[in-house]
Structure formats: C-alpha cells, structure tokens
Amino acid sequence: RFEQLMAGQALAATLPDPLAQGAMAAGANLVLDDSAFAEYSHSVLVFDLEVIREKPETIGKFLTVWDKATEEINASPESYRSLLIEKGRVPESIQGTFTMPPFPRKEITTEAQWLDVVNWLQERGLIDRVIPYDDAVDASFLGD
C-alpha cells in the first residue's frame, strides 16, 4: 500500500506507523489519524483456529511475552528505536524523526465494537451473516 501510494498507483491508503509517518514525510496528505480516537484505533492479533485448539498454552505464553515487551517499550521507547529501525520498516526518510507510538496492553475488542464492524460489513454485502462475538473473540488468553 505504501509503495502504491508513493508511486501514485493508489489515491489513498490506510497505513500503520512508521509507514504513515514515512508517507507524510514524502508528501502524502493525512486524511485521518486514528490515534486521536482511541476507541477506533486497534492493534489486532489473529490466530488460526487450529492453533487455538491445539496450542492454547503457546498462545498464552506468546501473549504474556507480547505484553511484557509492550510494557518495556512503552516505559522506554527511545531504548528500542534503533531496533525498530533495524528490524522494522521505518522508511529512511524519517529514521531521524520517527516517534515510537505507545503500544496497547491487554486490551480486547468490546462486543459493541465487534458488532459495529460486523453490521457495517453485513450492510454492504461483504458478509452474509452476523458472526457472533463469542465465536471470534476470546479474552481468556489475556490472563490476569
């Protein structure tokens, strides 16, 4: 999406940071910044149903480590800046100015948020039935 936007092959794109900051540094116009609306801004982790059924302990361990990492990054974002630049997709044009966003911790989509999206998809014919919240969201993996 980033490359298509920058090449003029797409008129608009939804981009996560750091790609969004890179696009704006390269001349793209910001239409909407979802970080200003915490209720709409989400990070999403998805696991295959087979993995959920066969390796729930592994998912729990992964989420524990994920949460610890977000805690450490949020406590000292500049300590992880060079790692993100090295391993992440931080465009060269913003490597000196990129600011680390805060990472969400142990949050889960609410049923109201889920239904809002499902209803929107159904109204536009993108899905043919309402997918029950409990069939798609499992908070038990979050632990304490």
Separation between CD (Q21) and CG (L15), nearest 0.5 Å, reads 11.5 Å
Tell me if a side-chain donor or acceptor on R1 pairs with a main-chain N or O of T14 at a distance below 3.5 Å.
yes
So the ring-ring contact (aromatic ring centres under 6.0 Å, His included) pairs with at least one residue in residues 44-80 (sequence neighbours excluded) are F47-F62, F62-W66
Original post:
Is there a donor-acceptor pair under 3.5 Å between the side chain of Q95 and the backbone N or O of V90?
Top reply: yes
- Query: Any side-chain heavy atom of D134 sitting closer than 4.5 Å to one from V137?
  - Reply: no
Rounding to 0.5 Å, atoms CD (E71) and OG (S76) come to a distance of 12.0 Å
Residues S93 and G22: closest non-hydrogen pair is OG-O, 4.2 Å
Same cluster or not: M24 versus F98, using hydrophobic residues (I, L, V, M, F, W, Y) connected whenever any side-chain heavy atoms lie under 4.5 Å apart? no
Separation between CG (L30) and CG (L32), nearest 0.5 Å, reads 7.0 Å
I'd like to know whether CD of E92 has more than 12 heavy-atom contacts from other residues, nucleotides or ligands below 6.0 angstrom.
no
Q. Under 4.5 Å between side-chain heavy atoms, hopping through other hydrophobics if needed: is there a path connecting I85 to F103?
A. yes
Counting distance only, does the side-chain N/O of R81 pair as donor-acceptor with the main-chain N or O of G96 below 3.5 Å? yes
When rounded to the nearest 0.5 Å, the distance separating CG of N29 from CG of L5 is 9.5 Å
Please answer whether the main-chain N or O of Q113 pairs with a side-chain N or O of Y133 as donor and acceptor at a distance below 3.5 Å.
no
Report task. Determine, step by step, whether D128 and Q122 satisfy the side chain to side chain contact (heavy atoms under 4.5 Å, CB included) criterion, reporting the C-alpha distance in whole Å, the side-chain angles of both residues, the deciding distance to 0.1 Å, and the verdict. Result -> CA-CA 6 Å; D128 58 5; Q122 192 174 34; over 6 Å; no
Output for pair (K68 NZ, I73 CD1), nearest 0.5 Å, gives 11.5 Å
message = If we ignore hydrogens and angles and just use 3.5 Å, is the side chain of R124 paired with the main-chain N or O of W120 as donor and acceptor?
response = yes
In terms of heavy-atom contacts, L19 and P91 come closest through CD2-CG, 4.3 Å
| field | Verify same cluster id: L45, V51 (apolar side-chain graph, 4.5 Å) | value | yes
Margin query: Check whether N74 reaches the backbone of T70 with its side chain - one donor and one acceptor, N or O, closer than 3.5 Å.
Written below: yes
For residues 49-62, the side-chain hydrogen bond (donor to acceptor under 3.5 Å, both in side chains) pairs (sequence neighbours left out) are none
In this structure, CG of D67 is separated from CZ of R105 (nearest 0.5 Å) by 4.0 Å
Review point. Is there a side-chain contact between V117 and L121, using heavy atoms and a 4.5 Å cut-off?
Key: yes
(message) Is it the case that atom CG in L11 sees more than 12 heavy atoms from other parts of the structure closer than 6.0 Å?
(response) no
Any L115 side-chain heavy atom under 4.5 Å of T110 side chain: no
Members sharing V65's hydrophobic cluster, built from side-chain contacts under 4.5 Å between Ile, Leu, Val, Met, Phe, Trp and Tyr, are none
